[in-house]
Structures are given as structure tokens and as C-alpha cells.
Amino acid sequence: MGTLVGHVVPGFGFVLIGLWHLFNHIKLHLQHPNSYRAPIWFPASKFRYLELLLIILGSSASVAMELFISPEKHQPFDDDGTIPSNHLHNFEHASISMTFLVYAALAIVLDKLAPRAQHGLTQILGAVAFGQQLLLFHLHSSDHLGPEGQYHLLLQLVILVSLITTLVGLGFPKSFLISFVRSLSIFFQGIWLMVMGVMLWTPGLISKGCFLNDEEGHEVVKCQSEEARHRALSLVNLLFSWFLIGIAVFGVAFYLVLVKFYGEKVEYFTLGSDRESEEDDDVESQKRSNVGDSKSFVDHMGKTAFAPIDMER
């Protein structure tokens with residue numbers, strides 16, 4: 001993963017999944033605002049498990065790339081069977097991919113068996129995947145001091161949002177805003193991974209006073225002085241803040257665009273339903289009123305009819 005392609009390709013995958021979730025959550029909420037319940041994944045119209053199979057294929061390709069294709073020996077172990085230090089980050093990245101692979105595979109199994117706890121278990125598996133991702137990026141064996149470490153630190157904040165919203169979604173499955181934020185955070189993960197790949201491994205975009213240095217077959221950005229390092233970290237922070245603003249604007253704009261396509265239909269449906277319910281309430285109240293009037297009339301007639309008999313007695 002420690003290359004331009006190694007960040008851009010998985011980042012593109014996160015972008016696709018994030019957009020797919022964002023579109024479907026907004027559409028589902030607009031069409032069914034009262035009965036909305038957030039799913040953890042969305043079936044495709046022509047092939048139900050398309051999303052999950054893409055995650056499985058992407059994760060499998062990532063594991064193969066990290067452990068078998070990228071290493072010079074096409075296997076990650078040393079001659080004595082141990083893991084060499086320069087391949088530790090390969091195992092970390094592969095472990096993240098394997099967790100997402102397990103999530104997608106078990107989600108398919110749960111959907112086919114359809115147990116009562118299917119939704120909750122699938123959501124927990126998604127939380128485990130994000131938790132694993134956060135843990136391994138936090139304990140990453142790569143550089144934590146330079147610009148690369150700062151990019152990873154800020155990525156952890158976005159992953160934390162994905163994890164928290166997934167866990168909170170267990171208790172609030174009908175909350176659209178939780179699903180909206182989670183989808184945007186997944187999308188943001190992908191964007192930031194792609195930005196990392198471009199900014200860290202394109203020599204012309206590296207901060208002034210810093211350079212690419214080969215360390216045990218892994219290129220790392222190093223800075224010539226402490227001042228250059230602080231400048232590089234500040235630029236990373238600024239870049240993240242600008243992308244955060246852009247993601248927020250994009251999310252609201254995307255929502256408003258879909259409202260234009262699906263909103264009017266939903267409003268018409270909702271008004272019709274309200275009128276029908278109001279009419280039903282009116283009919284029921286009229287029925288109760290008629291029944292009450294009938295009972296009052298019968299009671300009155302009964303009292304009037306039997307009044308003379310009581311007097312004669």
C-alpha cells in the first residue's frame with residue numbers, strides 16, 4: 001500500500017462504496033421517510049450481492065498485492081520463516097483487507113440464512129472492520145513523525161467517525177442523519193487515501209524542504225530540517241481542512257439534487273396519506289357519534305314508554 005497506486009486504487013474503492021451508500025440512503029429516506037430503516041449494505045437491482053462481491057474481490061486483490069505480488073520473493077516471509085521488519089506494513093495492510101473480506105463474506109451468509117439478528121450482526125461486523133482499520137493505522141509500523149504519519153493521523157479521525165456512526169446505528173437504525181454521516185465518512189476515507197497517494201509519492205508535490213527517501217524498499221518522505229517538517233505537517237492539516245469543507249458542501253449539494261428528483265413524489269404521497277388518515281378518522285368519529293346518538297335515542301324511548309307503567313304501579 002506504500003505507493004501511489006497502493007493508495008489510489010483502494011481509495012477509489014472506498015469512494016465508490018461511499019457514493020453508493022450515500023445515494024441509496026438519501027433515496028430510501030426520501031421515498032419512505034416514515035418507515036425508513038438504514039441497512040448496512042444495499043442490494044443491486046440486477047445482482048443482489050454486487051456490493052459485497054466487489055468488497056470481497058477488492059480485499060482479495062489487496063491481500064494478494066501486499067503479501068505475494070509486491071515482495072521481491074513473491075512471498076512475505078524471511079528465509080527462516082519469520083516476518084522481516086520491512087514487510088510488517090504489508091501484513092498490517094493485508095490484515096485490514098482481510099477484515100473487510102470477512103465482513104462481506106459473512107454478510108452474504110447472514111442474508112441467505114436470514115436469522116432474526118441478521119441486521120445487528122451485519123452491523124457489528126462492519127464495526128469490527130472499521131475498528132480493525134483504526135487500530136492498525138494507529139499502531140502503524142511506518143513513519144509517525146513525518147508528513148506520512150500526519151496523513152495517517154488525520155485518516156484515523158475519519159475512520160473513527162465511520163466506526164462511531166456504525167456502532168450508534170445499532171441503537172438508532174431509523175436515524176437518517178447517522179447513515180448520512182457514515183456514508184460521507186466512507187467517501188471521505190477514499191478521497192483522503194487518494195490524496196495521500198498523490199501527494200506523498202509525486203515528487204513535484206512534496207513540500208519544500210522534503211524529499212523521498214528509500215528505506216528498506218519503502219519510499220518515505222523525509223524533511224531536511226525541523227522547520228521544513230513543521231511546515232509540511234501544517235500544509236497537510238490545511239489540506240485536510242479544505243477537503244473537509246469540500247466534503248460537507250458536496251454532501252449537502254448531493255442531497256438537494258436528489259430531493260429535486262425524489263422529493264416532490266414523496267411530498268405528494270405523504271399529503272395523500274395524511275388526508276386519507278384524516279378522512280378515516282372523520283368516518284370513525286362519525287360512526288361513534290351515530291352509535292352514541294342511537295343509544296341515547298333508544299334509552300330515551302325506553303324510559304318514555306315504560307314511564308306510565310311505573311306510575312300505575
ask   = Run the side chain to side chain contact (heavy atoms under 4.5 Å, CB included) check on Leu16 and Trp20 step by step: do they pass?
value = CA-CA 6 Å; Leu16 286 180; Trp20 173 250; over 6 Å; no
Verdict with reasoning, Leu244 to Phe188, per side chain to side chain contact (heavy atoms under 4.5 Å, CB included) = CA-CA 8 Å; Leu244 178 61; Phe188 195 3; 3.8 Å; yes
Verdict with supporting geometry, Leu157 and Leu153, side chain to side chain contact (heavy atoms under 4.5 Å, CB included) = CA-CA 7 Å; Leu157 296 178; Leu153 178 63; 5.8 Å; no
Test log, rule side chain to side chain contact (heavy atoms under 4.5 Å, CB included), inputs Leu154 and Trp192 = CA-CA 9 Å; Leu154 295 172; Trp192 194 243; 4.0 Å; yes
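Summarising the geometry of Ile159 relative to Phe130, their closest heavy-atom pair is CG2-O, 3.5 Å, with the distance given to 0.1 Å. Considering every non-hydrogen atom in both Ala107 and Thr122, the closest pair reads CB-CG2, 3.9 Å. A pairwise comparison of heavy atoms in Leu193 and Leu155 identifies CD2-CD2, 3.9 Å as the closest pair. Between Leu212 and Pro203 the shortest heavy-atom distance is CD1-CG, 4.3 Å. The shortest heavy-atom contact between Ser60 and Leu101 is OG-CD1, 3.2 Å. Here the shortest heavy-atom pairing between Gln189 and Ser162 reads NE2-OG, 3.0 Å.
In summary, of the residues considered (Thr202, Val9, Leu200), a side chain to side chain contact (heavy atoms under 4.5 Å, CB included) with Leu4 occurs for Thr202 alone. A side-chain hydrogen bond (donor to acceptor under 3.5 Å, both in side chains) with Tyr36 is found for one member of His25, Lys174, His29 and no other, namely His25.
A side-chain donor-acceptor contact under 3.5 Å links His7 to the backbone of Thr3. Side-chain atoms of Glu51 come within 3.5 Å of backbone atoms of Phe42 as a donor-acceptor pair (strictly under, hydrogens ignored). Listed for the Trp201 side chain is a donor-acceptor partner under 3.5 Å among the backbone atoms of Glu219. Side chain of Asp78 to backbone of Asp80: no donor-acceptor contact under 3.5 angstrom is found. Remark: the backbone N or O of Gly58 is not paired with any side-chain donor or acceptor of Ser62 at under 3.5 angstrom. Judged by distance alone, the side chain of His93 and the main-chain N or O of His89 form a donor-acceptor pair under 3.5 Å.
The side-chain heavy atoms of Ile108 and Ile56, taken from C-beta on, include a pair separated by under 4.5 Å. A heavy-atom distance below 4.5 Å is found between the side chains of Leu22 and Phe180. In this structure the side chain of Phe240 never reaches within 4.5 angstrom of the side chain of Gln150, judged on heavy atoms. Leu54 has its side chain within reach of Leu50: a pair of non-hydrogen atoms, C-beta onward, lies under 4.5 Å apart. Between Asp111 and Arg48 the shortest side-chain heavy-atom distance falls below 4.5 Å. Counting only heavy atoms from C-beta outward, the side chains of Glu148 and Tyr151 never approach each other to under 4.5 Å. Two residues are said to be in side-chain contact when any heavy atoms from C-beta on lie closer than 4.5 Å; Ser95 and Met98 meet this criterion. Contact of the Leu239 side chain with the Leu235 side chain is not registered, since no non-hydrogen atoms from C-beta on lie closer than 4.5 Å.
In the hydrophobic clustering of this structure, Phe176 groups with Ile247; members are Ile, Leu, Val, Met, Phe, Trp, Tyr whose side-chain heavy atoms approach within less than 4.5 Å, directly or through other members. Hydrophobic clustering of Ile, Leu, Val, Met, Phe, Trp and Tyr side chains at less than 4.5 Å, counting indirect connections, keeps Val161 apart from Leu184. Linking ILVMFWY side-chain heavy atoms closer than 4.5 Å, directly or via other members, places Leu177 and Tyr262 in a single hydrophobic cluster. Hydrophobic cluster membership differs between Val221 and Phe211, with clusters built from Ile, Leu, Val, Met, Phe, Trp and Tyr side chains linked at under 4.5 angstrom. Hydrophobic cluster membership differs between Ile245 and Val252, with clusters built from Ile, Leu, Val, Met, Phe, Trp and Tyr side chains linked at under 4.5 angstrom.
Summarising the geometry, atom CZ belonging to Phe100 is positioned 8.0 Å from atom CD1 belonging to Ile55; distances are rounded to the nearest 0.5 Å. If you take CG on Leu170 and OG1 on Thr165, they are separated by 10.5 Å, rounding to the nearest 0.5 Å. Atom CG of residue Leu125 and atom OG1 of residue Thr166 lie 11.5 Å apart, to the nearest 0.5 angstrom. Between Phe77 atom CZ and Thr82 atom OG1 the span is 9.0 Å, to the nearest 0.5 Å. We find the CD-CD1 distance between Gln123 and Ile40 to be 4.0 Å, quoted to the nearest 0.5 Å. Going from atom NZ of Lys222 over to atom CG of Asn213 covers 7.0 Å, rounded to the nearest 0.5 Å.
Remark: aromatic rings of Phe187 and Phe250 are close, center separation under 6.0 Å.
A donor-acceptor pair shorter than 3.5 Å cannot be found between the side chains of Tyr103 and Ser59. Judged by distance alone, the side chains of Ser97 and Glu66 never bring a donor and an acceptor atom under 3.5 Å apart. A donor and an acceptor atom, one from each side chain of His152 and Gln156, are nowhere located under 3.5 Å apart.
Residue Glu226 places its CD atom among more than 12 non-hydrogen atoms of other residues, nucleotides or ligands, all under 6.0 Å distant. More than 12 heavy atoms of other residues, nucleotides or ligands lie within 6.0 Å of CE in Met194, so this atom counts as buried by the packing criterion.
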